[in-house]
Amino acid sequence: MYANFPLHNYPTLTPTLSSIHGFKHQSSPNLRTTKTLYLHLQPTKKSRTIISCAANSSDSVKGAVNWPELLEKWSPKKFVGADKLFRAISGATSSPIAQYIPSPFTFVHSVDPRIKLAWLFTLVILPAKSNAIMRLSLVAYLAILSILVQPAQVWKDQLGRVTLLSGILFIMLGLSTDSAPSLVSSRAPPPSLMGLPPFPTSLEGYKYVILKLGPLQLTRKGLSAATTSACLTFTIFQSASVYLSTTTPEQIAFALRWFISPLANLGVPVAEVILTLLLSLRFINLVFDEVRNVALGIVSRRINWPQMTFLETIDVFFTYIRRIFRNIFVHAEQISQAMIVRGFRGDSTTHKIFLSADSSSGVANYISLSCLFGLIALVTLPKYLIQ
Amino acid sequence: MLLGPNGCGKSTLLKILAGLLSPDDGFLHVERPRSFVYQNPDHQVVMPTVEADVAFGLGKLNLTPDEIRTRVAKALDAVGMYEYLKKPVHTLSGGQKQRVATAGALAEACKVLLLDELTTFLDETDQIGVIKAMRNSINTSKGITALWVTHRLEELEFADGAVYMEDGKIVRQGDAISIRKFIEDKLASYVNQITL
């Protein structure tokens with residue numbers, strides 16, 4: 001005997017599902033499509049009826065969407081990029097970005113960290129307050145300084161990335177600032193209708209529109225906005241990079257503590273801020289190590305990425321991120337336990353942190369401070385003199 | 001030295017002695033100050049540079065900067081790491097980090113050193129370097145007792161005495177040679193059981 005009929009159409013002819021031993025519903029509970037279940041009844045030699053159920057996907061209800069199938073259909077089929085990405089992460093250099101580089105020991109290394117921090121603030125503020133020539137001079141100065149104080153592979157990498165970012169910003173802002181037509185038009189009639197001669201061309205060759213590229217145009221306003229933002233981006237990133245690569249974390253903390261210690265009178269938890277800064281600087285390396293090591297663990301499993309579906313690949317990525325976070329939290333827990341073992345009781349004011357900043361040279365400090373004041377004077381004084 | 005199979009309670013005992021865990025029952029007395037050095041140096045080293053990390057444990061002692069500097073220099077010298085004083089921790093190898101962690105414990109001038117499998121993550125050269133540095137610093141300092149947890153029998157050569165644990169109990173204690181012989185006999189009988 002062989003029967004093949006929809007269960008829901010002939011409920012009375014079939015045994016109830018609960019009464020069948022070993023019955024398995026093969027339709028996934030996650031699927032929202034309504035599928036017709038067929039019951040196959042097959043006689044065996046012992047005249048025992050074996051019942052199996054299978055879902056017939058062809059009978060899906062019209063209009064119902066199978067999202068997993070749809071997602072698979074429209075997603076990239078061969079995710080070989082994942083392998084390259086994990087290999088790139090696992091093979092990345094172990095030296096973290098923007099960390100202290102002890103050698104070669106340069107002139108900037110020997111400057112007091114407080115003076116260097118003052119330089120950092122000045123270089124962040126000055127581009128916004130100065131003219132285009134001064135901004136470009138600051139960029140050139142920082143680029144030369146980076147080349148002089150950082151190892152070749154570091155400054156090449158760092159300068160390349162920051163220049164690319166600043167260049168993209170410059171082009172985008174320069175061409176887009178005045179390219180969009182203004183929706184607001186002047187209510188005043190043009191000079192030709194009023195019988196007035198048109199505006200005379202500038203005797204000095206002044207032009208508001210500097211360059212036209214089809215619908216895009218580079219104007220003086222656009223140029224100013226582009227140079228300001230590009231130079232500001234460059235100086236912020238590059239001055240921070242030079243500062244971090246020539247100053248130990250303890251010196252950074254020492255300088256910051258010196259500057260913000262008056263705030264303790266206003267109730268600012270200076271000691272906690274400094275300890276948090278130091279722990280963060282210590283933790284950066286551990287995070288880099290974890291990201292690299294977990295990626296290495298995935299690469300070493302030799303996953304056959306082309307055979308994996310899009311969702312499976314995404315799942316591996318989520319597992320990767322979850323694993324990184326778990327390991328980082330374990331590190332955090334262990335380090336906090338080590339701090340307790342070493343006598344820290346949660347009060348940063350009673351547990352003193354030893355911050356050594358004795359590597360500065362008097363001559364270097366004097367020259368550096370003089371240059372700093374000279375630069376500030378060069379940028380600010382002309383404005384007052386013109387007024 | 002404290003030896004025993006995995007899960008026998010060596011690290012738990014060490015953590016109880018360090019005050020990190022409370023015993024369910026019994027009584028223990030440990031001289032103070034005491035220091036604990038972890039198996040993984042990355043868990044022990046708290047500060048981003050060598051000098052600041054070794055000095056971290058001294059923060060509770062209310063010392064002058066000169067005293068701190070002297071103690072840090074002595075401790076780093078004892079483990080052969082003085083020239084790394086200003087180095088960032090992330091530029092050190094595993095063995096060097098372990099020595100820095102040990103120097104941090106030594107700088108506190110503690111009476112009891114609790115050392116949890118210091119050489120597990122180290123290669124042979126670093127392993128010997130750390131053991132010798134520790135032995136040297138204990139020899140030069142007076143009144144220090146170090147309890148060293150290990151799985152490596154060759155490290156018994158540097159021990160004054162040894163304890164063997166099994167299932168949370170001390171099975172045997174004595175001089176390093178007798179404990180080594182006891183463990184090797186156990187190993188031989190285990191190998192015989194397998195081959196028979």
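Here is the naming used below: chain letters follow the sequence lines, and residue numbers restart at 1 for every chain.
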Region of [X] in contact with chain B, defined by heavy-atom distances below 4.5 Å:
| X | answer |
| --- | --- |
| A:Glu333 | neither |
| A:Leu275 | side chain |
| A:Leu286 | side chain |
| A:Thr248 | side chain |
| A:Leu278 | both |

Exercise for review: Could you tell me whether B:Arg71 and B:Glu67 have a side-chain N and a carboxylate O separated by less than 4.0 Å?
Suggested key: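 No.
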Point to revise | B:Lys181 with B:Asp185: basic N within carboxylate O range, under 4.0 Å | key: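 Salt bridge present between B:Lys181 and B:Asp185.
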Out of [options], which one racks up the most heavy-atom pairs below 4.5 Å with chain A?
| options | value |
| --- | --- |
| B:Asn40, B:Leu114, B:Asp53, B:Leu61 | B:Asp53 |
| B:Lys60, B:Lys87, B:Glu108 | B:Lys60 |
| B:Val45, B:Val89, B:Asn62, B:Thr91 | B:Val45 |

Practice item. Hey, can you tell me if A:Phe105 and A:His109 have their rings parallel, tilted or perpendicular (30° and 60° cut-offs)? Key: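 Tilted: the ring planes of A:Phe105 and A:His109 meet at 30° to 60°.
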Review point. What part of B:Pro88 lies closer than 4.5 angstrom to a heavy atom of chain A: side chain, backbone, both or neither?
Key: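 Side chain only.
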Review point. What pair of heavy atoms forms the shortest contact from B:Ile179 to B:Gly174, and how long is it?
Key: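 For B:Ile179 and B:Gly174, the tightest heavy-atom pair comes out as CD1-N, 3.8 Å.
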Practice item. Write out, in numerical order, the residues from residues 8-30 of chain B with a heavy atom short of 4.5 Å from a heavy atom in chain A. Key: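 Result: B:Leu20.
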Check your understanding: Just by distance, do the side chain of A:Asp112 and the backbone of A:Asn365 share a donor-acceptor pair under 3.5 Å?
Key ->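 Side chain of A:Asp112 to backbone of A:Asn365: no pair is present.
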Check your understanding: What distance separates A:Gln158 CD from A:Ile147 CD1, expressed to the nearest 0.5 Å?
Key ->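 Going from the CD atom of A:Gln158 to the CD1 atom of A:Ile147 covers 12.5 Å.
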Exercise for review: Working to the nearest 0.5 Å, report the span between CG of B:Asp42 and CG of A:Asp289.
Suggested key: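 With rounding to 0.5 Å, CG (B:Asp42) is 6.5 Å from CG (A:Asp289).
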Practice item. For the residue pair B:Val72 and B:Leu58, establish whether any side-chain heavy-atom pair is separated by less than 4.5 Å. Key: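 Sidechains of B:Leu58 and B:Val72: in contact.
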Review point. Are B:Phe56 and A:His351 close enough, and set up right, to give a ring-ring contact (aromatic ring centres under 6.0 Å, His included), and what steps lead you there?
Key: CA-CA 9 Å; B:Phe56 181 80; A:His351 193 104; 4.8 Å; yes
Check your understanding: Strictly under 6.0 Å, is that where the ring centroids of B:Tyr38 and B:Phe36 end up?
Key ->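 Centroid separation for B:Tyr38 and B:Phe36: below 6.0 Å.
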